[in-house]
Amino acid sequence: MNLKIFGKCIIAGEHAVIRGSPAIVLPVKEKFLEISYNNTPEEFKVEFEGLMKEDLSLVFFGVLEKALKVINKKHSDLHGELKLVNSVPVGAGLGASATLCVAVGRFLEHLGWVSSDHLYEFCRQLENLFHGESSGVDIASTMMGRPIEFQRPSQITEININWKPKLYISYCGQRGMTSECVRLVKDQWLRNEIEASKIDQDMKESVLLAKKSLMSGEKEGFLDLIESINKARSCYERWGLTAGALDIHMKKLTEEGALAVKPTGSGRGGYVISLWRSEPNSSFDLIPLKF
């Protein structure tokens, strides 16, 4: 067994997806968790390499124990050598928790302990450990590894992108806390349900614009994609999730020529997605999204 589980980047749909709105998600091929397994009769061993390997090792065994409990297996039932090599940063909006949960799920599927038909829901339940209630969007993206439209509970549709927009991601220098951002959005629903509903509707409209843009072509879709990304950014601002280093980073990208920018992930930190007319000459380390 040897496979790569890619990180993800949400073009539009964050937070509102938990309440049934759709989301457009792309894989990030440069950021992945690689898992390999050698089935031997020896005592089970796990090796970690790459980015944040100490953090990964601490979290991995908690996820594995949860998974084994769900399927009525014990740690002593495992044998052989498992290796995980990580390049997905934690707390950055690229789906680190989802890649880990899918890695555990794929491993147990390889052993024949989890069926392919139940793999998505199995991995989603594992991600509840991180988010309280996983929408499933990150799990769906990391399992598919291709551009998708996602809508709860498990509607996953592959998107055929008919042009190559110059989309990049860059790190704002500050980690975001998903649970805190989710709490802030929920608090807004308690304070002002009418305004919160309007924000969700605007995020849904940004998703529809992004889908229309990507499935048409550059000539027809470029302006729609600009509007989609900027509309989604406005939702983050109204949720109160763009302060500090994240806001500074987005403003700097705009000053350098980005036509549209937004957070990708929960907000309050992490990565930013930016759209450019031509190849950017930026002071930031920009990672291109490949289609």
Side-chain angles (χ1 to χ4, degrees), residues 7-28 92-95 98 135-142 144 146-152 155-170 172 176 178 181-182 185 188 196-218 220-242 246 249-250 253-254 258-276 287-289 291:
K8 58 81 191 178
C9 172
I10 299 181
I11 300 296
E14 295 95 334
H15 288 292
V17 71
I18 197 75
R19 290 174 292 278
S21 291
I24 302 294
V25 199
L26 305 180
V28 179
L94 299 186
S135 69
V137 62
D138 291 3
I139 296 296
S141 177
T142 53
M144 293 286 289
R146 296 186 295 277
I148 63 168
E149 178 184 8
F150 173 88
Q151 190 166 7
R152 294 189 75 180
Q155 183 178 326
I156 305 167
T157 307
E158 187 172 353
I159 294 176
N160 294 317
I161 299 178
N162 291 318
W163 59 298
K164 295 183 179 180
K166 292 179 175 61
L167 289 168
Y168 292 78
I169 57 172
S170 53
C172 78
T178 299
C181 294
V182 170
V185 175
Q188 188 165 43
S197 180
K198 288 179 180 178
I199 300 173
D200 271 17
Q201 181 60 35
D202 282 349
M203 184 60 88
K204 182 177 181 179
E205 289 175 6
S206 76
V207 172
L208 298 178
L209 276 168
K211 182 180 179 180
K212 176 187 173 185
S213 165
L214 295 172
M215 296 183 70
S216 53
E218 182 171 5
E220 303 87 352
F222 193 79
L223 292 178
D224 282 341
L225 191 54
I226 292 175
E227 184 180 354
S228 167
I229 292 172
N230 284 333
K231 185 181 284 286
R233 174 182 176 173
S234 173
C235 294
Y236 276 93
E237 291 170 347
R238 290 149 68 194
W239 282 321
L241 301 178
T242 61
L246 177 58
H249 187 84
M250 290 192 293
L253 285 168
T254 302
L259 299 176
V261 296
K262 66 172 282 288
T264 180
S266 61
R268 290 210 155 187
Y271 274 76
V272 169
I273 185 169
S274 55
L275 175 65
W276 304 72
I287 300 172
L289 293 177
F291 303 94

Measure the [atom1]-[atom2] distance between [X] and [Y] for me, rounded to the nearest 0.5 Å.
X	Y	atom1	atom2	result
Lys262	Ser274	NZ	OG	11.0 Å
Arg146	Ile156	CZ	CD1	10.5 Å
Ile11	Ile161	CD1	CD1	7.5 Å
Asp200	Ser21	CG	OG	5.5 Å
Thr157	Gln151	OG1	CD	9.0 Å
Glu14	Ser206	CD	OG	8.0 Å

With Ile287 via side-chain contact (heavy atoms from CB on, under 4.5 Å) - residues at least two apart = Glu30, Lys31, Ile169, Tyr271
Taking [X] for the side chain and [Y] for the main chain, is one N or O donor matched with an acceptor at less than 3.5 Å?
X	Y	result
Lys204	Ala23	no
Thr254	Met250	yes
His15	Ser266	yes
Glu218	Lys164	no
Arg152	Ile18	yes

Could you check if a side-chain atom of [X] sits within less than 4.5 angstrom of a side-chain atom of [Y], using non-hydrogen atoms only?
X	Y	answer
Leu253	Trp276	yes
Leu214	Pro147	no
Trp239	Met203	yes
Ile159	Leu26	no
Leu241	Val185	yes

Pick out which of Lys231, Lys212, Lys211 makes a salt bridge (charged side-chain N to carboxylate O under 4.0 Å, His left out) with Asp224.
->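 Of Lys231, Lys212, Lys211, salt bridge (charged side-chain N to carboxylate O under 4.0 Å, His left out) with Asp224 is met by Lys212 alone.
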Partners passing salt bridge (Lys or Arg N to Asp or Glu O under 4.0 Å) against Arg238 (at least two apart in sequence or in another chain) |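 Counting only residues at least two positions away or on another chain, Arg238 forms a salt bridge (Lys or Arg N to Asp or Glu O under 4.0 Å) with Glu195, Asp202.
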Show the nearest heavy-atom pair for residues [X] and [Y], with the distance to one decimal.
X	Y	value
Glu149	Pro22	OE2-CB, 3.6 Å
Cys235	Ile199	SG-O, 3.5 Å
Asp138	Ala98	CB-CB, 3.5 Å
Leu275	Ile229	CB-CD1, 4.0 Å
Phe150	Ala140	CD1-CB, 3.6 Å
Leu246	Gly269	CD2-N, 3.6 Å

